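Report on the following structure.
Residue numbers start from 1 in every chain, and the chains themselves are labelled A, B, ... in the order their sequence lines are given, proteins ahead of strands. Here the structure is a predicted model, which means the values were calculated and not measured.
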Protein chains: 2
Amino acid sequence: MSNAYNRPDQLSPELRRRVLDTARRLGYPGPDPVARSLRTRKAGAVGLLLTENLSYAFRDPAAIGFLEGLALACEDAGTGLLLVPANPEREDVASVHRAGVDGFVVYSVPDDDPHLAAVLERPVPTVVCDQPDLGTVDRVGIDDRGAMYELAKHLIGLGHRRIGVVCMRLARDRNDGFVTPDRQHAAHFHVQRNRLSGLAEAFSEAGVDWSQVPVVERFDHNMASGASGAAQVLDRDPQVTALICTSDVLALGAMTEAARRGLRVPHDITVTGFDGIRAGEEAGLTTVRQPVLEKGRAAGKLLLDTNERSRPRSVNLSTELIIGKTSGPPRGGAEERWFGP
Amino acid sequence: MSNAYNRPDQLSPELRRRVLDTARRLGYPGPDPVARSLRTRKAGAVGLLLTENLSYAFRDPAAIGFLEGLALACEDAGTGLLLVPANPEREDVASVHRAGVDGFVVYSVPDDDPHLAAVLERPVPTVVCDQPDLGTVDRVGIDDRGAMYELAKHLIGLGHRRIGVVCMRLARDRNDGFVTPDRQHAAHFHVQRNRLSGLAEAFSEAGVDWSQVPVVERFDHNMASGASGAAQVLDRDPQVTALICTSDVLALGAMTEAARRGLRVPHDITVTGFDGIRAGEEAGLTTVRQPVLEKGRAAGKLLLDTNERSRPRSVNLSTELIIGKTSGPPRGGAEERWFGP
DNA sequence: AATTGGTTCTGAACCGTTACGGTCCTTTCA
DNA sequence: TGAAAGGACCGTAACGGTTCAGAACCAATT
């Protein structure tokens with residue numbers, strides 16, 4: 001009787017001792033956690049669904065920050081954190097079905113991802129993060145659109161009108177190259193779609209024809225992609241005065257490419273990022289800082305808060321525009337370009 | 001009948017469709033993963049036990065590398081990775097008992113940690129990493145002692161005899177300060193014990209009285225600890241020509257402290273680390289590079305390889321001495337100290 | 001002595017699935 | 001035509017715990 005293990009008060013110390021003794025003698029390894037979970041309908045763990053290969057997440061500083069925050073929340077609650085393998089290339093959602101968890105956190109997956117759909121079919125609470133608001137499950141995010149709009153306004157104020165953009169993948173298919181406005185608009189990654197849309201709005205308001213702005217997409221998210229993306233933009237239009245990247249990692253890569261071409265930042269060209277990662281900070285990157293750790297923590301808190309009645313909830317965390325030393329007025333001054341090319 | 005879900009070949013398409021239809025109509029959410037795990041005796045996940053607060057692991061570059069490698073192996077095998085909360089301050093082992101997993105990976109916990117004991121009592125395969133060889137379970141590690149011995153030999157060859165050491169925590173209790181040889185010898189962290197012992201051996205062979213060498217311990221593992229540890233060593237003996245740190249993170253901190261004191265590295269003082277993390281590489285740190293990612297991957301492979309007959313296995317990965325630009329001969333040349341104090 | 005109250009202990013039901021063996025029906029071949 | 005073989009389908013028994021109802025026991029009260 002497993003009362004001996006879990007409810008020492010329900011039986012006499014004498015019997016408890018006897019039970020535990022014989023248990024040990026028979027080599028009983030203690031109550032089986034799975035059987036317990038079945039009966040109590042509590043798995044004692046939350047699942048985390050990441051878009052990327054599991055291992056890839058550990059390379060992205062923003063993802064690591066999110067993980068840290070989520071782990072923090074789980075730790076507080078004494079629950080485990082199950083990393084669910086969700087290979088984006090395979091359509092195999094078995095891993096989602098197999099996960100014995102009390103809830104899911106879904107972090108930045110494409111909105112048409114079959115794994116996401118599989119999660120939503122499971123009868124457990126779910127929190128989506130950096131995803132569109134589904135209205136049916138909790139959500140944590142930031143105002144990507146507004147933050148990027150503000151950053152764009154800063155650049156516009158400096159006088160930039162001829163810009164280029166390097167962004168992360170917009171859909172599940174690999175498309176390393178220029179992006180049509182259609183593809184931008186139909187992007188399946190909520191975060192990227194909104195950042196681009198914030199840019200488009202601000203620059204359109206400033207009289208820039210957005211359809212003419214070179215926007216380059218990169219599937220892999222690392223500095224090399226930022227560098228090659230920047231190169232592609234600069235090859236197309238060497239006259240751009242600012243390279244706007246939708247992440248700090250891409251921006252840092254773009255800066256190496258600028259350096260390789262002998263362009264001084266910000267004198268010859270302005271480079272901006274998004275996220276506010278440590279390495280960007282050290283480089284003095286102009287960027288939008290978002291509270292990645294808080295995002296993870298908020299997601300965990302929302303999921304583990306059993307207060308059902310108020311669902312679904314939506315949490316928007318605030319961001320901060322960081323004006324670093326990688327942004328400045330276009331070469332030759334702003335005025336020169338007032339009546340631009 | 002869940003055959004409809006899992007064994008489409010066992011029944012006619014017609015029946016399958018009918019079953020699935022009524023299932024949907026009745027709001028059946030698909031087979032319950034926990035019940036399945038109970039029946040099949042497979043949880044589809046491996047547990048990871050970390051010494052630190054879960055979230056803390058995401059701050060340590062070496063731990064992140066390990067996690068990445070382990071996640072990689074899990075991904076290949078299609079299993080989940082469950083981060084088990086193991087607050088080192090509480091003695092609460094319930095989280096270990098509650099974890100529904102097919103095996104455990106234990107990474108760098110003190111050898112007297114109750115969580116480790118709890119894992120070993122569970123009737124599932126276990127792989128320990130950066131731990132003493134228990135003889136009963138698989139092990140992955142490096143030759144910490146030999147690698148540190150080699151690094152010490154390099155410094156001795158340069159002429160260093162008067163050194164100081166900054167190391168990570170040696171036991172579960174907090175002891176920020178100097179370490180007696182006794183405590184070094186009795187250290188509960190296998191990795192730290194062996195690194196110190198490699199140092200002691202090499203310098204003893206070179207005629208240095210190890211009991212006189214200042215060894216400072218820091219409980220928290222971050223750059224600030226490295227800086228304050230270095231300060232404590234330099235306050236005790238401003239004449240040390242080399243600061244040997246048992247991790248790169250500590251070494252980077254030590255370098256900031258050296259800079260703060262106006263000491264040039266390596267001209268005025270030599271600083272060395274251990275791990276081979278990216279930030280250290282960028283700083284040109286002299287260190288021992290260890291394959292952290294491979295360690296994680298090897299641990300995962302060992303655990304997921306169902307070949308029972310060859311257990312327990314022990315894997316030693318190789319390390320590489322990296323001679324960077326933070327080590328050089330002691331100020332005033334090596335010869336001066338040949339007959340030194 | 002019978003009722004009441006309380007504690008300790010026992011047994012059975014249940015959680016939801018998969019494995020297994022048995023029934024039934026159809027097909028194949030002597 | 002009958003027996004054997006095979007496929008489709010179905011019912012049931014674990015898997016290993018937790019929970020809960022009620023039995024058994026003892027002590028105190030009426």
Nearest-Å distance for atom pair CZ/P, residues B:R18 and D:dA8:
15 Å

In whole Å, what is the span from the CG atom of A:D32 to the P atom of C:dT17?
17 Å

When you compare the side chains of B:D111 and B:Q131, does any donor N or O come within less than 3.5 Å of an acceptor on the partner?
no

Take the protein atom CZ of A:R36 and the nucleotide atom P of D:dT19, then report the distance between them rounded to whole Å.
9 Å

Integer-rounded Å distance: C:dT17 P and A:H97 NE2:
12 Å

A side-chain contact here means heavy atoms from C-beta on lying under 4.5 Å apart; do B:F104 and B:V46 qualify?
no

Rounded to the nearest angstrom, tell me the gap between atom NZ in B:K42 and atom P in C:dG16.
23 Å

Does a donor on one side chain and an acceptor on the other come within less than 3.5 Å for B:R139 and B:N316?
yes

Is there a donor and acceptor pair closer than 3.5 Å between the side chain of B:R39 and the base of D:dA14?
yes

For A:R145 and A:N194, indicate whether the former's side chain and the latter's backbone hold a donor-acceptor pair under 3.5 Å.
no

Does B:R41 make a side-chain N or O approach to OP1 or OP2 of D:dA14 shorter than 4.0 Å?
no

